Structure formats: structure tokens, C-alpha cells
There are 2 protein chains.
Amino acid sequence: MSAKKVKKPIQGSRRDGTDAVSQLRKSDRTRQSILDGALEFLWTHPFRDLTIKELMLIAGISRSAFYQYFSDVHELMEALLRSLEEDIFVVASRWLEGEGDPVRLLEETMSGLVSVCYKRGPILRAVADAAPMDERLEKSWKAFLQDFDDAVTARIEQHQAAGLIKPFEARPVAIALNRMDAYLLIHQFGRRPRGNRESVKDAILRLWISTLYGEEKVATSASGRRAKRTKTSSSKNS
Amino acid sequence: MSAKKVKKPIQGSRRDGTDAVSQLRKSDRTRQSILDGALEFLWTHPFRDLTIKELMLIAGISRSAFYQYFSDVHELMEALLRSLEEDIFVVASRWLEGEGDPVRLLEETMSGLVSVCYKRGPILRAVADAAPMDERLEKSWKAFLQDFDDAVTARIEQHQAAGLIKPFEARPVAIALNRMDAYLLIHQFGRRPRGNRESVKDAILRLWISTLYGEEKVATSASGRRAKRTKTSSSKNS
DNA sequence: CTTGTTTTCTGACGCCGTGTCAGCAAGAAC
DNA sequence: GTTCTTGCTGACACGGCGTCAGAAAACAAG
């Protein structure tokens with residue numbers, strides 16, 4: 001069923017992982033080249049045009065070799081999603097778990113979020129597009145979003161208890177903010193040419209701050225100070 | 001290319017449209033039975049399982065007859081979307097264009113919105129799922145959402161000018177609220193068994209009111225009065 | 001370098017859903 | 001009934017998917 005295979009580590013002496021790339025098994029490099037090819041393709045094409053044939057043409061290997069590494073194109077997307085997930089949760093943890101001025105933490109998190117999505121944006125877009133077509137991927141994607149909803153909800157409630165955020169039902173607000181983020185990030189960075197990092201960050205940040213900590217706090221954030229009157233041009237065509 | 005055909009109206013005297021169903025051309029009834037079959041299917045199955053063969057089996061006609069009416073499954077979805085669109089804009093116009101107490105208007109609109117989606121929910125879900133797979137449908141879906149974003153943005157700005165809503169950047173808030181609505185409606189009513197109408201309406205309404213008109217106005221709405229402390233159970237598993 | 005073993009890759013195959021087409025059947029008008 | 005139009009059908013070719021047996025390459029040991 002699954003294409004995964006438990007690989008016995010090669011028993012010889014040389015493959016001890018000390019010399020990075022060149023010392024990896026062939027299969028690991030091939031697998032990576034498929035993942036790279038997919039991302040490359042998705043920078044300029046919608047997911048619906050990603051056929052295995054096309055993909056393996058980019059990777060320079062025969063079509064059937066694909067199935068040595070992934071059981072289908074959706075499993076590949078899942079792999080890409082997982083790799084993005086790691087990066088995102090790292091930057092998100094700043095606001096979700098950090099200590100200190102919450103507005104500052106939020107700014108750091110959103111800044112990082114924008115950076116990650118700017119660099120690997122198509123993954124988000126393609127996974128969102130592909131999810132409805134495959135039950136497994138759909139579940140992963142839903143879980144990914146829900147993890148975020150849960151974390152944000154918890155953090156809001158925590159800050160409400162601390163008097164930093166006014167009391168209201170946290171979850172629907174968390175969902176609204178997260179869906180908004182997803183929508184903006186996907187549309188601004190999901191394909192080349194990409195939108196402007198700063199304006200996207202400012203737009204997202206402003207909405208979060210004003211929703212959670214109050215309109216007056218918006219001005220205290222760095223971007224608020226820097227570009228208080230900037231109309232986020234990029235949000236026009238979104 | 002397109003399956004559409006300009007049909008000359010039958011020249012005889014009887015088909016004057018006075019006697020509803022039985023007086024329609026055969027082709028119109030068949031077309032409708034396909035649309036009905038699709039909706040029926042989508043109540044219990046995800047869009048990805050909707051194959052033409054399956055669909056025409058339900059409709060009781062041969063597979064190839066499908067192409068007399070639609071060029072492909074996405075054009076069918078577009079037809080369903082258009083029919084839903086009409087209903088939705090009717091109820092939405094209440095808040096978007098009505099006069100009087102805005103909170104009351106909003107309540108009427110959300111109430112209607114919930115009703116429409118409760119009755120024809122799978123359309124929303126299926127179109128959202130199918131959109132990434134087809135360029136044309138993707139455009140229609142995007143346009144549908146954007147029409148809403150535009151209308152809501154305009155209405156917010158109008159109410160801001162009238163001093164009913166505090167000043168803030170209207171568009172991102174409009175987008176966030178709309179995406180939240182879409183998410184909730186799709187997940188609660190997109191398939192059987194459906195969520196609870198009242199709790200969904202209350203959840204949506206509360207968020208809109210508190211975001212636009214202020215937390216204190218929530219209590220003045222009918223549902224706010226009726227169920228001030230109800231935890232919207234349905235938003236748990238969303 | 002040669003040999004034997006394991007890993008990786010390939011071409012050919014069958015499957016399934018799509019969309020088209022020529023021609024058959026059913027319905028309407030007379 | 002006959003004629004003409006409209007609606008329907010089965011058969012076909014196409015393209016992408018996933019599998020498999022066996023070829024080729026990578027690797028370790030001698």
C-alpha cells in the first residue's frame with residue numbers, strides 16, 4: 001500500500017553521515033529531487049497541472065520510479081506539508097508560547113510567518129488545492145489548520161485571563177483570524193510573482209492586533225509606526 | 001466547446017409556460033434531473049467521488065447524454081453555484097442595502113443565509129472543493145467570494161461614515177468575516193448530518209456584531225437575548 | 001578490477017474515467 | 001399514420017494512473 005520502506009542502514013563504514021549530501025544514499029537524493037521538482041513546478045503552475053509524468057520529467061527520472069518514493073501525488077503533498085509545518089510552528093511559537101510584550105511577540109511571529117510563506121508559499125497553496133481531492137490529505141490539512149485554531153484559541157483565552165485581551169468567545173475569533181491568514185498568505189505568496197512581504201505582514205498584523213489587543217495598540221507596533229497610513233496595496237487584488 | 005445550445009422556442013401554441021413543469025421541453029426536465037441528481041449525491045458524498053457515470057446512473061440516463069447538457073462536471077457545478085448565488089444575494093441584501101437598525105438587519109441576513117445554506121449546503125462545499133481543479137470554475141468561485149468582499153467592505157465603510165461602526169480598514173475585516181462564514185457554513189451544512197441551525201447562526205451573528213458594532217450590542221440581538229450564555233456546541237468540532 | 005548482492009530504475013501492461021461521434025429512438029407537428 | 005426535430009445511446013480513442021518483472025546501477029568484499 002504505502003511506498004514507505006524501512007531501509008536498513010548500509011552496514012559499511014563510510015556512510016556515517018559526517019559528510020552531508022554526497023554521503024546520503026542514492027534514494028534519499030532522488031526523493032529530495034522529486035520534492036524539489038514539485039516545488040519548482042508549483043511556483044509557476046497550479047496543482048491541477050502537476051502530473052506524475054510532468055514531475056518526473058523535471059526530476060529527470062522515469063515516471064514509474066515515482067512510486068518507489070510516494071504512493072501517489074497526494075502523499076508527496078503530505079510530505080511537503082509536513083516540512084512546511086515544522087518551520088511554521090517554530091515561528092508561531094514565539095507568540096503562542098513566548099513571554100513579554102504580546103504585541104511585540106505577535107509582530108515577531110507574523111514576520112516569521114510571512115518569511116516562511118514567502119520562501120515556500122506554493123506548498124500552502126497546493127496543499128489547500130489538493131486536499132479536497134484526497135481523503136488522507138484532506139485530514140492532514142484539516143488537522144494542520146485545527147492545530148492552529150486550538151493553539152490560538154488557547155493563547156487568546158490565556159491572555160484574556162491575564163486581562164490583556166477583552167473577554168469574548170475565543171474560538172470563532174481564532175478561526176476567523178487563521179482563515180484570513182491562510183487566505184492572504186496563499187494568495188499573496190502561493191505563486192510567482194509574489195506580493196510584497198511588508199504590506200502583507202502589515203495587513204495581517206494590524207488585523208490581529210486590533211482584534212485582540214485593541215485599535216490603539218496598532219500604532220505601537222513597529223510597522224504601525226513606520227507606515228501608519230499605508231494602504232496595503234496588495235490587499236486590493238485579493 | 002460549450003454544451004450550451006440556443007434552443008429555438010417550440011413554435012406550437014401549447015408551450016406558453018403557463019402550466020409549469022409538464023409544459024417544459026423534455027430537455028429542460030432532463031437537465032434539471034441531472035442537477036437534482038448531483039445535489040442528491042453531494043448530500044452524502046464528497047465532490048471527488050462524483051463521477052459522470054455515477055451521476056447519470058442516479059439520473060437514470062446514459063452517461064454520454066450528460067454532454068448534451070454540460071461540457072463537463074465543472075460546468076455543472078457552475079450552474080449549481082449560480083442558482084445558489086441568486087438565493088444568497090437576496091437574503092444578503094437585507095443588511096447590505098436595507099434601512100433601519102443595522103443589528104436587526106444583520107440578524108435577518110444571517111438568519112436567511114443560514115436557511116439557504118441549510119437547504120442547499122452541499123453546493124457551497126462542492127464548489128469550494130471543485131474550484132481548484134478547473135480554471136473556469138475557480139474564477140467563478142473567486143468572483144463569487146469577491147463580490148461579497150466588495151459588498152461587505154462598502155457597507156462597513158458606509159456605516160463607518162455614519163458613525164455606526166468604528167473606523168478601521170474595512171476590507172481585511174470584511175474578508176476575515178466572509179471567510180469565517182464560508183468556513184462555518186461549509187463545514188456545518190455541507191453534508192448530512194448537518195449542524196444545528198440556531199447555534200451556527202448565533203456563532204456567526206455574534207462574531208459579526210461584536211466585530212462591527214461592538215461587544216455590547218451582542219446582547220441586544222434576539223439570539224443574544226435568548227441564549228446569552230450558550231456555548232455554540234457546533235463550533236467545537238469545526 | 002572482478003564478483004556477488006542489494007538497491008534503484010525502466011518499459012510495457014491493464015485499468016478507469018473522459019469526451020466524441022454516428023446513428024438510433026422518441027416526441028411533436030401535421 | 002408520416003415527417004421532422006430533438007433527445008439518447010453504444011462504441012470508440014485518448015490520457016493518466018499504478019503495477020510488475022526484469023534490466024541497470026550502486027555498492028561491498030575479495
Side-chain angles (χ1 to χ4, degrees), chain A residues 1-16 19 21-34 37 41 45 47-77 130 133-134 136-137, chain B residues 1-16 19 22-34 37 41 45-77 130 133-134 136-137:
Chain A
M1 187 97 281
S2 167
K4 280 176 200 170
K5 286 184 182 175
V6 179
K7 306 198 186 70
K8 353 174 181 177
I10 296 177
Q11 50 279 67
S13 51
R14 264 178 297 170
R15 298 192 182 284
D16 49 14
D19 187 13
V21 181
S22 65
Q23 295 300 22
L24 292 169
R25 320 174 65 106
K26 179 89 194 307
S27 69
D28 290 329
R29 274 179 287 130
T30 303
R31 185 187 153 95
Q32 193 55 47
S33 79
I34 295 174
F41 181 90
H45 301 82
F47 172 79
R48 60 174 165 270
D49 293 342
L50 178 58
T51 164
I52 313 263
K53 181 180 159 190
E54 190 95 17
L55 171 58
M56 296 308 277
L57 216 71
I58 295 174
I61 323 168
S62 83
R63 195 180 66 84
S64 46
F66 174 85
Y67 297 96
Q68 296 274 328
Y69 301 96
F70 307 96
S71 67
D72 59 29
V73 77
H74 300 105
E75 195 175 289
L76 179 151
M77 294 313 303
M133 298 173 61
D134 181 77
R136 241 178 84 91
L137 183 60
Chain B
M1 186 101 280
S2 167
K4 280 174 200 170
K5 287 185 183 175
V6 180
K7 305 199 186 69
K8 357 175 180 175
I10 295 177
Q11 50 278 70
S13 52
R14 265 178 295 169
R15 298 192 182 287
D16 50 15
D19 186 13
S22 66
Q23 296 300 25
L24 292 170
R25 321 175 66 106
K26 180 91 195 308
S27 70
D28 291 328
R29 273 180 287 130
T30 303
R31 185 187 152 95
Q32 194 54 48
S33 79
I34 295 175
F41 181 89
H45 304 267
F47 172 79
R48 60 174 165 272
D49 292 343
L50 179 58
T51 165
I52 313 262
K53 181 181 159 192
E54 191 94 18
L55 171 57
M56 296 307 277
L57 215 71
I58 295 175
I61 322 169
S62 83
R63 195 180 65 83
S64 45
F66 174 85
Y67 297 95
Q68 297 273 328
Y69 301 96
F70 307 96
S71 69
D72 58 29
V73 77
H74 299 105
E75 194 175 288
L76 178 151
M77 294 313 303
M133 298 173 60
D134 181 76
R136 241 177 84 90
L137 183 59

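In what follows, chains are A, B, ... by sequence order, proteins preceding strands, each numbered from 1. Scope of the values below: all heavy atoms of this structure, side chains included, with no hydrogens, waters or symmetry mates. As the structure is a prediction and not an experimental result, all values here were calculated from the model.
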### Message
Which label fits B:Phe41 and B:His45: parallel for a plane angle under 30°, tilted from 30 to 60°, or perpendicular past 60°?
### Response
parallel

### Query
So how far is it from B:Arg31 CZ to B:Arg25 CZ, rounded to the nearest 0.5 Å?
13.0 Å

### Query
Looking at NZ of A:Lys26 and CG of A:Asp28, how far apart are the two atoms once the value is rounded to the nearest 0.5 Å?
11.5 Å

Atom-pair distance ([atom1] on [X]; [atom2] on [N]), nearest Å:
{"X": "B:Gln68", "N": "D:dG7", "atom1": "CD", "atom2": "C1'", "value": "6 Å"}
{"X": "A:Met56", "N": "D:dG16", "atom1": "CE", "atom2": "P", "value": "16 Å"}
{"X": "A:Leu57", "N": "D:dC17", "atom1": "CG", "atom2": "P", "value": "13 Å"}
{"X": "B:Glu54", "N": "C:dG17", "atom1": "CD", "atom2": "P", "value": "9 Å"}
{"X": "A:Leu55", "N": "C:dC9", "atom1": "CG", "atom2": "P", "value": "14 Å"}
{"X": "A:Phe66", "N": "C:dG11", "atom1": "CZ", "atom2": "C1'", "value": "18 Å"}
{"X": "A:His74", "N": "D:dG18", "atom1": "NE2", "atom2": "P", "value": "9 Å"}
{"X": "A:Met133", "N": "D:dG16", "atom1": "CE", "atom2": "P", "value": "14 Å"}

### Query
Between the side-chain atoms of A:Arg63 and the base atoms of D:dG18, is any donor-acceptor pair under 3.5 Å?
yes

### Query
Quick one: the side chain of A:Ser64 and the base of D:dG18, do they pair up donor-acceptor inside 3.5 Å?
no

### Task
Give the minimum heavy-atom separation between A:Leu55 and A:Gly37, together with the two atoms involved.
CD1-C, 3.8 Å

What's the closest nucleotide to the [X] side chain, out of [options]?
{"X": "B:Tyr67", "options": "D:dC8, D:dC17, C:dT18", "value": "C:dT18"}
{"X": "B:Ile61", "options": "D:dG18, D:dT9, C:dT8", "value": "D:dT9"}
{"X": "B:Lys53", "options": "C:dG17, C:dT8, D:dG16", "value": "C:dG17"}

### Query
Given the rule in the side-chain contact (heavy atoms from CB on, under 4.5 Å) test, do B:Glu54 and B:Thr51 qualify, once you have shown the distances and angles that lead to the verdict?
CA-CA 5 Å; B:Glu54 191 94 18; B:Thr51 165; 3.2 Å; yes

OP1, OP2 of [N] versus side-chain N and O of [X]: anything below 4.0 Å?
{"X": "B:Thr30", "N": "D:dG7", "result": "no"}
{"X": "B:Lys26", "N": "C:dA28", "result": "no"}
{"X": "A:Ser27", "N": "C:dT8", "result": "yes"}
{"X": "A:Tyr69", "N": "C:dC9", "result": "yes"}

### Task
Assign A:Thr51 to base, sugar-phosphate, or nothing according to its heavy-atom contacts below 4.0 angstrom with the strands shown.
sugar-phosphate

